[in-house]
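Take a look at the structure set out below.
Since we're looking at a predicted model, the values are computed, not measured. Heads up: numbering here begins at 1 and tracks the sequence.
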Amino acid sequence: HNDENDAADRLSAEANRGWGRDDPDALHLEIVRATSVRETNPDAALEILTRLRPRMAQCTDRADLEEYARTRACVLGALERPQEALPFSVESVNHATAEYGPESAVTLHRMHRQAELLLDAERVDEGIAILDRVHATQTRVLGADHRDTRRTKRALDQASAAISA
């Protein structure tokens, strides 16, 4: 992974020099870079995203804003920092809802992830409420036998059982 990270660092440095640090394409490349390492090296991804945070205030590309929020939520969740991840997860859900609609698979997946973060942050009632909404929508739109619906039902059952225990 070090060779891949080194190559990505060189490409990023070249892009920043060639395009300029504030160029939207250079910003996009940095977001993609963080996304590409988030699974294998969440600490490195968080470092990249933290450096990008001030530059995101000037970003107008909705896809980049959504990708930044989603990636930051995923990274913070992977680092077991759900409370910090939640604002980014909410932002990601809002972007997905605006872009794809409230019943799209993308939006429902983002909502499911938000519910998991709420559960991890011990905000169980809120997490269950979101899972319940996601499950009802998936059942109506996808059907009870769809794998996403079944996955949400399992998560809902597990969260509910944890309350009862």
Side-chain angles (χ1 to χ4, degrees), residues 8 11-12 15-16 19-142 146-153 155-156 159:
L11 181 61
S12 176
N16 281 325
W19 291 327
R21 184 176 179 276
D22 295 326
D23 185 279
D25 289 330
L27 181 64
H28 174 75
L29 183 63
E30 288 293 298
I31 295 167
V32 169
R33 189 169 143 235
T35 302
S36 70
V37 300
R38 77 171 193 228
E39 299 286 328
T40 57
N41 193 345
D43 289 312
L46 184 58
E47 183 181 321
I48 295 165
L49 294 167
T50 300
R51 272 196 324 261
L52 287 178
R53 184 84 193 261
R55 291 167 58 193
M56 293 308 296
Q58 284 79 40
C59 182
T60 58
D61 185 296
R62 288 183 4 184
D64 282 345
L65 290 166
E66 195 280 330
E67 185 66 18
Y68 177 87
R70 184 176 66 85
T71 301
R72 187 140 184 152
C74 289
V75 167
L76 288 167
L79 293 172
E80 298 181 7
R81 294 162 59 180
Q83 200 63 43
E84 292 175 65
L86 281 165
F88 297 102
S89 181
V90 168
E91 189 176 329
S92 179
V93 169
N94 291 341
H95 282 292
T97 302
E99 185 71 22
Y100 306 109
E103 295 183 348
S104 77
V106 171
T107 301
L108 294 172
H109 179 75
R110 303 282 193 280
M111 289 175 69
H112 185 119
R113 182 65 189 126
Q114 181 183 15
E116 289 172 344
L117 289 168
L118 286 163
L119 294 170
D120 290 345
E122 299 180 10
R123 292 168 58 181
V124 178
D125 291 341
E126 294 170 84
I128 287 176
I130 290 175
L131 283 174
D132 196 39
R133 280 199 325 262
V134 170
H135 183 258
T137 303
Q138 287 173 328
T139 300
R140 186 172 38 76
V141 174
L142 302 172
H146 190 276
R147 70 173 191 261
D148 290 348
T149 308
R150 290 193 315 266
R151 182 175 68 94
T152 301
K153 177 71 169 131
L156 187 56

### Message
Evaluate I31 against M56 for side chain to side chain contact (heavy atoms under 4.5 Å, CB included), listing each step before the verdict.
### Response
CA-CA 10 Å; I31 295 167; M56 293 308 296; 4.0 Å; yes
Quick one: does any side-chain atom of [X] pair with a main-chain N or O of [Y] as donor and acceptor, under 3.5 Å?
{"X": "T139", "Y": "H135", "answer": "yes"}
{"X": "S89", "Y": "A85", "answer": "no"}
{"X": "T107", "Y": "A96", "answer": "yes"}

### Task
Report the residue from R113, E66, Q114 that forms a side chain to side chain donor-acceptor pair (under 3.5 Å) with S92.
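Output: one option passes, namely E66.
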### Task
Decide, yes or no, whether a salt bridge links E47 with R51 under the criterion of side-chain N to carboxylate O below 4.0 Å.
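R51 and E47: salt-bridged.
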### Query
Are R72 and E84 close enough, and set up right, to give a side chain to side chain contact (heavy atoms under 4.5 Å, CB included), and what steps lead you there?
CA-CA 9 Å; R72 187 140 184 152; E84 292 175 65; 5.9 Å; no
Considering non-hydrogen atoms only, spot the tightest contact between [X] and [Y] and give its length.
{"X": "G127", "Y": "A115", "result": "O-CB, 3.5 Å"}
{"X": "L65", "Y": "E91", "result": "O-OE2, 4.2 Å"}
{"X": "V75", "Y": "P42", "result": "CG1-O, 3.3 Å"}
{"X": "P82", "Y": "L117", "result": "CB-O, 3.5 Å"}
{"X": "A34", "Y": "I48", "result": "CB-CG2, 3.8 Å"}
{"X": "A45", "Y": "R38", "result": "CB-CA, 3.7 Å"}

### Query
side chain to side chain contact (heavy atoms under 4.5 Å, CB included) between D148 and L142: does it pass, once the steps are laid out?
CA-CA 8 Å; D148 290 348; L142 302 172; 4.1 Å; yes
Counting C-beta onward and ignoring hydrogens, is there a side-chain heavy-atom pair between [X] and [Y] closer than 4.5 Å?
{"X": "R133", "Y": "M111", "result": "yes"}
{"X": "L52", "Y": "R55", "result": "yes"}
{"X": "H146", "Y": "Q138", "result": "no"}
{"X": "T35", "Y": "E67", "result": "yes"}

If you round to the nearest 0.5 Å, how far is [atom2] of [Y] from [atom1] of [X]?
{"X": "R123", "Y": "L86", "atom1": "CZ", "atom2": "CG", "value": "5.5 Å"}
{"X": "H112", "Y": "L156", "atom1": "NE2", "atom2": "CG", "value": "9.5 Å"}
{"X": "L49", "Y": "L76", "atom1": "CG", "atom2": "CG", "value": "8.0 Å"}
{"X": "R140", "Y": "T149", "atom1": "CZ", "atom2": "OG1", "value": "11.0 Å"}
{"X": "R110", "Y": "Y100", "atom1": "CZ", "atom2": "OH", "value": "7.0 Å"}

### Task
Answer yes or no: are there more than 12 heavy-atom neighbours, outside H95 itself, under 6.0 Å from its atom NE2?
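Above 12, so yes.
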### Query
Can you check side chain to side chain contact (heavy atoms under 4.5 Å, CB included) on L46 and R81, steps first, answer last?
CA-CA 12 Å; L46 184 58; R81 294 162 59 180; 3.4 Å; yes
